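Input: a single structure, listed below in structure tokens.
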Amino acid sequence: MKYKIIKIQEEIDGKLSEVTNTKEVLDLKVAYLGKKGSVSELTNMLSKLDIEEKKEYGALINNLKQDINQKIEVTIEKLAESEINKKIEKETIDTTLPASNIGVGGTHPITKTIDEVEELFVSMGYDVVEGPEVELDLYNFEKLNLPKGHPARDAQDSFYITDEVLLRTQTSPVQARTMEANLEKGPIRMICPGKTYRRDDDDATHSHQFHQIEGLVIDKDISLADLKGTLEVFAKKVFGEGRKIRFRPGFFPFTEPSIEVDVSCFKCGGEGCSLCKNIGWIEILGAGMVHPNVLINCGYDPDKYQGFAFGMGPERIAMLKYGINDIRNFYINDLRFLNMFNRINGGDDNETK
Ligand code: DAH
């Protein structure tokens, strides 16, 4: 009996020293202390012994039980601790590793151009307004002195949705909408940046979707001189101090007179170079005095009110400013192209990976 007790003691010590997880320990507990376990078998054998032997071996078996229980507890604790240590070891952060690059987006060059123009006009007291991209023929053309069948409509090949609804081909309809909304409420000074659409085949200088920035001023005693002064400020801000502008006659159905506006070449200063095609001037926008018919169509009395309007393309302005020769660069989202603009204007130059 004594021998058996010692053997079990040795056996369990050996097995406990080899366990690798808690489950193995619990299995051992069942195998030794469970109802059919080896220690219980010893206890059953006690009944066959005489009283003295019962006393002696009973005490030894009890000690054995206590010892096994205690060792099992200690082993479980040790295992739990080493499991936690292993986990912590795995989760250690190596602070000496180089940080991974988190891509930070930058402002798109078109948005940048629009922001710059907006900021300037807001500083001159203009409101920034918006209009719908899905527009009525009435506002996109008719109220702007382009009745159905007008030949100038051909220049703006349109995406029609129904006979009367289209994707706006220009931001000029916002002129009519603003005039109507402000009827007799006082002067108007607004710019409207936004997306415009034409059924053009995309190439280096055409895109079926592009942007325009419209400008409109309505008040009493507004003249072409006000327009010229305003656009001069604009040209200097966007293309640099020292820029001059000039007006050439043009044609737009909604302005009379209509003008094309050129800025003195900012590359050669007007001497003549490849950018200005040796002319010294670069065309930047269309403008004019609001046509009396447009004033009447929008509820204004042309004998009391006059105004000027202008329309420009942020794509063209950005292409000229940054020397970009393909308009499609703005839309294909090549990060090598877009990241250049973060650097140009002092933004961060993180590369998105
Ligand atoms: N809407 C014209 C276009 O898309 C641009 C334009 C020209 C707008 C003259 C104007 C303007 O307001 O006065 O070609």
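First listed ligand is number 1; within each ligand, the first listed atom is number 1. None of the values given here were measured: they were computed from a predicted structure.
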Which label fits Phe330 and His108: parallel for a plane angle under 30°, tilted from 30 to 60°, or perpendicular past 60°?
tilted
Those residues that, when tested against Tyr197, pass ring-ring contact (aromatic ring centres under 6.0 Å, His included) (two or more places apart)
none
Would you please classify the geometry between the Phe252 ring and the Phe254 ring as parallel, tilted or perpendicular, with 30° and 60° separating the classes?
parallel
Residues in ring-ring contact (aromatic ring centres under 6.0 Å, His included) contact with Tyr57, at least two apart in sequence or another chain:
none
Write out the protein residues near ligand 1, meaning a non-hydrogen atom under 4.0 Å from one of its atoms, in order of chain and number.
Gln156, Gln170, Ser172, Gln175, Arg198, Gln212, Glu214, Phe252, Phe254, Thr255, Gly286, Ala287, Gly288, Ala309, Phe310, Gly311
Name all residues meeting the side chain to side chain contact (heavy atoms under 4.5 Å, CB included) criterion together with Arg248; count only those two or more places apart in sequence or in a different chain, and write none if there are none.
Arg246, Glu260, Asp262, Glu283
Donor-acceptor side-chain pairing of His208 and Asp202 below 3.5 angstrom:
yes
